[in-house]
Peer 1: 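For reference, the structure I am asking about is given below.
For this chain, numbers begin at 1 and follow the sequence in order. Every heavy atom of this structure was used, including side-chain atoms; hydrogens, water molecules and symmetry mates were not. From a predicted model like this one, the values you see are computed outputs, not experimental measurements.
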Amino acid sequence: MMMTTLTSTSTVPEFLTPTLKSTCRYFNFHGEVSVSVSQFGRRRFHNPSRVFAVSDINKLVTEFDPKIPLERASTPPSSWYTDPKFYSFELDRVFYGGWQAVGYSDQIKESRDFFTGRLGDVEYVVCREDNGKIHAFHNVCSHHASILASGNGRKSCFVCPYHGWTYSLSGSLVKATRMNGIENFALSEMGLKPLKVAVWGPFVLLKVTQATSRDGEVETDGLVASEWLGTSVGRLSQGGVDSPLSYICRREYTIHCNWKVFCDNYLDGGYHVPYAHKGLMSGLDLETYSTTIFEKVSIQECGGGSKIGEDGFNRLGCQALYAFVYPNFMINRYGPWMDTNLVLPLGPRKCKVVFDYFLDPTLKDDEAFIKRSLEESDRVQVEDVVLCESVQRGIESQAYDKGRYALVEKPMHHFHCLLHHNLKL
């Protein structure tokens, strides 16, 4: 029998409180409203061009009620997974304001290393300065908004490919071409806009908030771990998530489904494994499956199966740990392996999932083991792509609006409750 253990003391985490109680009809994401507002939080939203009818968005949000116990609850409506206005709204409410995993520390291991990425409509660059300090910035030139850098690698400075403006790795503007004679212009006022950045274990994290003078430099590990992982940090450390591992490679999958469909699939408590992943199931003892719920993290654990190949191959080991870090990051620790899944929204019906693979250093040169392990992992991911795209098509059909939960799907219900409390007005 599958076992579920709950460690949370409340269905609604205390830190998820409403930031806005509004009497207005329309909401502007620059922090402005067209009619009266009774209370507005300090949060700054990032795209002033987005204006939606609050009543319409709020109606969609309140169609899911987190106060109803899982045994009697319905899932969120299909509009959460298809509506373009809802998608734009959740980018601001869900992805901007909290810590987001965006990369791994080996990408900025040496001085002058950098990598870039995109979260929603936020372009970012993370780099390590010559003095060892880590910085993060909006990857947008202050002159005419060109994207400044692309990909990853090593640079001594960032030179805009459009007009040649040059920035140091600390974000300051050091050269602005052909600006002689321009009044009220100072290099010191035109640097890159900073972002909060942190490192925990092998993970690089960003927080998209309104810039302050302290942003752009790495945050304290302990504080970040508490804010990002809550009380799950001890269990994750115990499970070897922050242990020294060798980075192996990255794989990316573009999936034609809403980003939450992929998350839901991950969070069904192993429900789909016997039916959709028969190869994976043979390496797991699903009778030992357990789930633990924390503030913003859910951990699913399962013993490894007894099946070992004739050649001694065993990718999963004796224990598998699957951690979901709200809202879009998965950490899978099994045997000598760890892989992470970062789910990036690309639209209401499209997402990209970035897989990074890490391995015990003693096996990093075992090419045959690595090749076979990655092939098995890819087979599971392809199976999940088929599932998720099928679900998206079903969600968009006229036959479906809401579903129900099985008891093993507590992590999914927890995810939906967290979404609701970020989204509600």
Side-chain angles (χ1 to χ4, degrees), residues 3-10 13-15 98-109 126 134 196-207 218-248 250 263 266-267 269-270 284-285 288-304 315-343 354-364 373 377 410-411 414-415 418:
M3 176 182 66
T4 301
T5 304
L6 297 182
T7 61
S8 61
T9 58
S10 174
E14 292 183 357
F15 56 86
W99 289 108
Q100 302 287 326
V102 296
Y104 54 94
S105 56
D106 275 3
Q107 291 177 286
I108 47 170
K109 186 176 182 179
V126 180
I134 299 172
K196 291 182 182 295
V197 61
V199 176
W200 185 84
F203 309 123
V204 177
L205 314 173
L206 290 186
K207 181 186 286 188
V218 69
E219 298 277 320
T220 306
D221 286 357
L223 181 62
V224 169
S226 176
E227 187 176 341
W228 185 46
L229 301 173
T231 56
S232 73
V233 64
R235 179 67 195 94
L236 292 175
S237 293
Q238 183 183 2
V241 167
D242 60 345
S243 59
L245 296 170
S246 296
Y247 179 75
I248 301 301
R250 168 172 287 189
C263 295
Y266 185 89
L267 295 168
L284 297 173
D285 181 5
T288 66
Y289 213 100
S290 66
T291 299
T292 308
I293 305 295
F294 297 88
E295 297 92 346
K296 291 194 287 187
V297 175
S298 61
I299 296 178
Q300 304 172 76
E301 297 181 80
C302 184
R315 178 175 71 101
L316 299 177
C318 62
Q319 185 73 16
L321 179 150
Y322 305 100
F324 176 79
V325 184
Y326 178 81
N328 65 329
F329 191 59
M330 295 89 163
I331 307 170
N332 311 305
R333 190 71 168 93
Y334 47 92
W337 283 98
M338 180 174 75
D339 69 72
T340 61
N341 320 148
L342 177 63
V343 188
V354 179
F355 281 71
D356 286 314
Y357 291 89
F358 305 80
L359 184 62
D360 187 292
T362 61
L363 294 170
K364 66 182 178 66
S373 295
S377 175
K410 285 184 172 64
H414 178 243
F415 170 53
L418 291 171

Peer 1: With a 3.5 Å distance limit and no angle check, can you tell me whether H414 reaches the backbone of V297 through a side-chain donor-acceptor pair?
Peer 2: no
Peer 1: Would you find a donor on one side and an acceptor on the other, under 3.5 Å apart, between the side chain of R333 and the backbone of G240?
Peer 2: yes
Peer 1: Report the relative orientation of the aromatic rings in W228 and F329; use parallel for angles under 30°, tilted for 30 to 60°, perpendicular for over 60°.
Peer 2: tilted
Peer 1: Decide side-chain contact (heavy atoms from CB on, under 4.5 Å) for K109 and D106; before the verdict, give the C-alpha distance in whole Å, the side-chain angles of both, and the deciding distance to 0.1 Å.
Peer 2: CA-CA 5 Å; K109 186 176 182 179; D106 275 3; 4.0 Å; yes
Peer 1: How long is the gap from CG on L418 to CD1 on I293, to the nearest 0.5 Å?
Peer 2: 9.0 Å
Peer 1: Applying side-chain contact (heavy atoms from CB on, under 4.5 Å), run through L229 and W200 and close with a yes or a no.
Peer 2: CA-CA 10 Å; L229 301 173; W200 185 84; 3.8 Å; yes
Peer 1: Could you tell me if T231 and E295 have a donor-acceptor pair between their side chains, going purely by distance under 3.5 Å?
Peer 2: yes
Peer 1: For the residue pair P327 and K296, establish whether any side-chain heavy-atom pair is separated by less than 4.5 Å.
Peer 2: no
Peer 1: Please name the pair of heavy atoms, one in I299 and one in S232, separated by the smallest distance, quoted to 0.1 Å.
Peer 2: CD1-CB, 4.5 Å
Peer 1: Has S237 got a side-chain atom pairing as donor or acceptor with V233's backbone, closer than 3.5 angstrom?
Peer 2: yes
Peer 1: Report yes if the side chains of P411 and F324 come closer than 4.5 Å at any heavy-atom pair, otherwise no.
Peer 2: no
Peer 1: Using atom types as modelled and distance alone, determine if a side-chain donor or acceptor of N328 lies under 3.5 Å from a backbone N or O of V343.
Peer 2: yes
Peer 1: How about N341 and V354: do any of their side-chain heavy atoms sit closer than 4.5 Å?
Peer 2: no
Peer 1: How about D339 and D356: do any of their side-chain heavy atoms sit closer than 4.5 Å?
Peer 2: no
Peer 1: Can you tell me how far the CG atom of N332 sits from the CD atom of Q300, to the nearest 0.5 Å?
Peer 2: 9.5 Å
Peer 1: Tell me yes or no: between the side chains of Y357 and S377, is some donor less than 3.5 Å from an acceptor?
Peer 2: yes
Peer 1: Could R235 and E301 be called an ion pair, given the rule that one side-chain N must be under 4.0 Å from one carboxylate O?
Peer 2: yes
Peer 1: Ignoring hydrogens, what is the shortest heavy-atom contact between G239 and L321? Give both atom names and the distance.
Peer 2: CA-CD1, 4.3 Å
Peer 1: State whether a side-chain donor-acceptor pair under 3.5 Å links Y266 with Y322.
Peer 2: no
Peer 1: Under a 4.5 Å cut-off applied to non-hydrogen side-chain atoms, are V325 and I331 in contact?
Peer 2: yes
Peer 1: Tell me whether the centres of the aromatic rings in F203 and Y104 are closer together than 6.0 Å.
Peer 2: no
Peer 1: Just so I know, are the side chains of W337 and S373 near enough to count as touching, which here means a heavy-atom distance under 4.5 Å?
Peer 2: yes
Peer 1: Could you go through the side-chain contact (heavy atoms from CB on, under 4.5 Å) check for F358 and I248 one step at a time?
Peer 2: CA-CA 5 Å; F358 305 80; I248 301 301; 5.9 Å; no
Peer 1: Report yes if some heavy atom in the side chain of C302 is under 4.5 Å from a heavy atom in the side chain of Q319; otherwise report no.
Peer 2: no
Peer 1: Give the minimum heavy-atom separation between L236 and A323, together with the two atoms involved.
Peer 2: CD2-CB, 3.6 Å
Peer 1: From S246 OG over to L363 CG, what is the distance, rounded to the nearest 0.5 angstrom?
Peer 2: 9.5 Å
Peer 1: Nearest 0.5 Å, please: how far is CE in M330 from CZ in F355?
Peer 2: 8.0 Å
Peer 1: Do V197 and L205 come close enough that some side-chain heavy atom pair is under 4.5 Å?
Peer 2: no
Peer 1: Let me see the working for W99 and V224 under side-chain contact (heavy atoms from CB on, under 4.5 Å), right down to the final yes or no.
Peer 2: CA-CA 8 Å; W99 289 108; V224 169; 3.7 Å; yes
